[in-house]
There are 2 protein chains.
Amino acid sequence: MAEKQTPRERRRARTAQAILDAALAIIAEQGLQALSIREIAQRIEYSPSGLYEYYASKDEILDALIAQGLAQLNEMLAHVPSGESASEWLFAIGEAYLAFAREHEQLYALIFGHIFSPSGLVTSLDQLQHNSAYGQLRHCIQTGVERGAFILPSGESIEQQVYSTWALLHGLAMLRMTRVSAVTGIDAINQQVLRSAFAHLNRA
Amino acid sequence: MAEKQTPRERRRARTAQAILDAALAIIAEQGLQALSIREIAQRIEYSPSGLYEYYASKDEILDALIAQGLAQLNEMLAHVPSGESASEWLFAIGEAYLAFAREHEQLYALIFGHIFSPSGLVTSLDQLQHNSAYGQLRHCIQTGVERGAFILPSGESIEQQVYSTWALLHGLAMLRMTRVSAVTGIDAINQQVLRSAFAHLNRA
DNA sequence: TGCTATTACCGAACAATGTACGGAAAAAGT
DNA sequence: ACTTTTTCCGTACATTGTTCGGTAATAGCA
C-alpha cells in the first residue's frame with residue numbers, strides 16, 4: 001500500500017503540486033483566460049520551460065487540475081453525514097454540491113467546461129461513474145430506496161433518478177453563476193427547489 | 001420600423017454575417033479551440049486585419065455568435081405549437097431544447113460556457129429573462145398554471161418552477177455531451193426523465 | 001462631372017502565447 | 001571518483017490576436 005518514496009520523488013511531487021496550486025490561484029483570482037505558463041512559472045520562481053519537466057503541456061496541467069477538483073468534490077460529498085434520514089442526507093449532499101460550485105466558481109466552470117465538449121477526457125467516464133458526484137448521488141439514492149425511505153416514480157430506474165438529480169444540481173449551479181438571479185436570496189431559493197424536487201421521492 | 005438600408009449598409013451586413021457563418025462553421029467542424037481570426041479570414045477571402053473593420057475583437061465575434069445562437073434557440077422554442085394540452089406543450093418545448101443542444105453541440109457549449117463564468121455579458125441578463133429559453137419556459141408554465149392545467153407544489157412560485165425546469169434541461173443537455181451515457185438510447189431516457197419530471201405539475 | 005471625405009481592405013509589424021531544444025548544474029548511482 | 005540521470009534554464013520558433021499606415025474604392029457634394 002505505502003510505496004516507498006525516495007526524497008527525490010517526494011520533492012518532485014511537491015513541486016508538481018506547487019504548479020497546480022499556482023495555476024489554481026491564478027484561475028481563482030483572474031479567471032481561466034489569465035492562466036499562462038509564464039505566470040505559473042513566475043509564481044513558483046521557475047523558468048517557463050522548467051514546467052515541462054513536470055507536465056507535458058498546458059492541457060495536462062488543466063487535466064490534473066480537473067482531476068484534483070473532482071477528487072475534492074468527491075471527498076466533500078463523501079463526508080456528508082448519512083446518519084439522518086435518507087431524505088435529509090440527500091438534501092445535505094445537494095447543498096454540499098451547490099456549496100462547492102459556489103465557493104470554487106472558476107474551478108467548477110473549468111471542470112464542467114472541459115469534461116463536456118470536444119475531446120473530453122475519456123478518463124472522465126470513470127471519474128463521473130465511480131469517483132465523483134455522480135457516484136455519491138447514486139450511493140445515497142440507492143441506499144434510500146433499499147431502506148424503503150425513497151419511492152421511485154413508477155417505471156423509473158435508479159439510474160434515471162440519479163441522472164435527473166445530478167442534472168438539476170448542475171443546472172442550478174450553472175444558473176447561479178449568471179447572476180441573473182441577483183434578486184438576492186438565490187441560495188435560499190436553491191434550497192427550496194431542492195427540497196421540493198426531493199420531496200417527490202419520499203413515500204407518502 | 002423598416003429602416004432604410006443603403007446598398008453600402010446591406011453589403012456591410014452581408015459580410016458581417018459571412019464572418020459569423022465562417023466562424024460557426026469552424027467551430028462546428030473543429031471545435032472552439034480551432035477558431036482563429038486567420039482561419040475565418042481565409043474562408044471569406046479576407047486579410048486577417050480586414051475583419052477588424054467589422055468586429056473590434058475576437059471576443060466581439062464570439063459575442064455576436066452567442067447572441068445569434070440564443071436568438072435561434074428562442075425562435076425554435078417559440079415555434080413549438082401550443083395547441084395541445086399545456087402538459088404536452090411543455091414536453092415539446094423540453095424536447096426542442098434538448099434537440100437544439102444535441103444538433104448544435106459546439107454552439108451550445110460556447111453559449112453556456114461564455115455566459116456563465118467571469119465577465120459574462122451583462123446583456124445576457126435581459127437575454128435570459130425575456131429573449132430566450134428561460135422566457136419561453138416561463139410563458140408556457142405560466143399559461144399552464146393560469147389555465148388550471150398545472151398545479152404548483154405548495155409554497156412554490158412560478159419563477160421557482162421555471163428556474164428548476166430550466167436547470168433540469170440544461171443539466172440533461174450538458175450531461176449528454178459527456179457521452180458517459182453512451183449506453184445507447186440516451187435521448188429516449190431523457191424523454192422519460194422529462195415526462196416524469198413534468199408529471200408532478202399535472203393536477204391529479 | 002470633378003473634388004473631397006469617408007469607408008473598405010491589405011501588408012507588415014508587434015507583443016504575448018505555448019512549446020522544442022541544447023546545454024549546464026546538480027544529484028544519484030556505481 | 002566517474003558516469004548517468006534528473007532538473008532547470010536561456011534561447012529560439014511558430015502561432016496567435018491586434019495595431020498601424022497606406023492604398024484603393026466608394027459616397028457625398030459642388
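Letters go in sequence order (proteins before strands), and every chain restarts at 1. Because the structure is predicted, anything quoted here is derived from the model rather than measured.
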Using a cut-off of less than 4.0 Å, is there contact between a side-chain N or O of [X] and OP1 or OP2 of [N]?
X       : N      : answer
A/Arg8  : C/dG29 : no
A/Arg11 : D/dC8  : yes
B/Arg12 : C/dA8  : yes

Looking at every strand, decide which applies to [X] at a 4.0 Å heavy-atom threshold: base, sugar-phosphate, or nothing.
X       : value
A/Tyr54 : sugar-phosphate
A/Ser49 : base
B/Tyr52 : base
A/Ser57 : sugar-phosphate
B/Leu35 : sugar-phosphate
A/Glu45 : sugar-phosphate

Using the six-membered ring wherever Trp is involved, compare the ring planes of A/Phe112 and A/Tyr108 and label them parallel, tilted or perpendicular (cut-offs 30° and 60°). tilted

Given atom [atom1] of [X] and atom [atom2] of [N], what is their separation to the nearest angstrom?
X       : N      : atom1 : atom2 : answer
A/Tyr46 : D/dT6  : OH    : C1'   : 12 Å
B/Gln33 : C/dG18 : CD    : P     : 15 Å
B/Ile37 : C/dC10 : CD1   : P     : 14 Å
A/Leu51 : C/dT19 : CG    : P     : 11 Å
A/Ile19 : C/dG18 : CD1   : C1'   : 15 Å
B/Arg38 : D/dG17 : CZ    : C1'   : 7 Å
A/Lys58 : D/dT16 : NZ    : C1'   : 12 Å
A/Glu53 : D/dT6  : CD    : P     : 9 Å

Below 4.0 angstrom, N of the basic side chain to O of the carboxylate: do [X] and [Y] qualify?
X        : Y        : result
A/Arg195 : A/Glu95  : no
A/Arg176 : A/Asp187 : yes
A/Lys58  : A/Glu39  : no

Let me spell it out: for each of A/Ala34 and A/Ala56, pick the nucleotide of DNA chain C with the closest heavy atom. Which residue's pick is nearer the 5' end? A/Ala34

Check the pair B/Tyr55, B/Asp63 against side chain to side chain donor-acceptor pair (under 3.5 Å), reporting the backbone distance first and the verdict last. CA-CA 10 Å; B/Tyr55 298 96; B/Asp63 288 352; over 6 Å; no

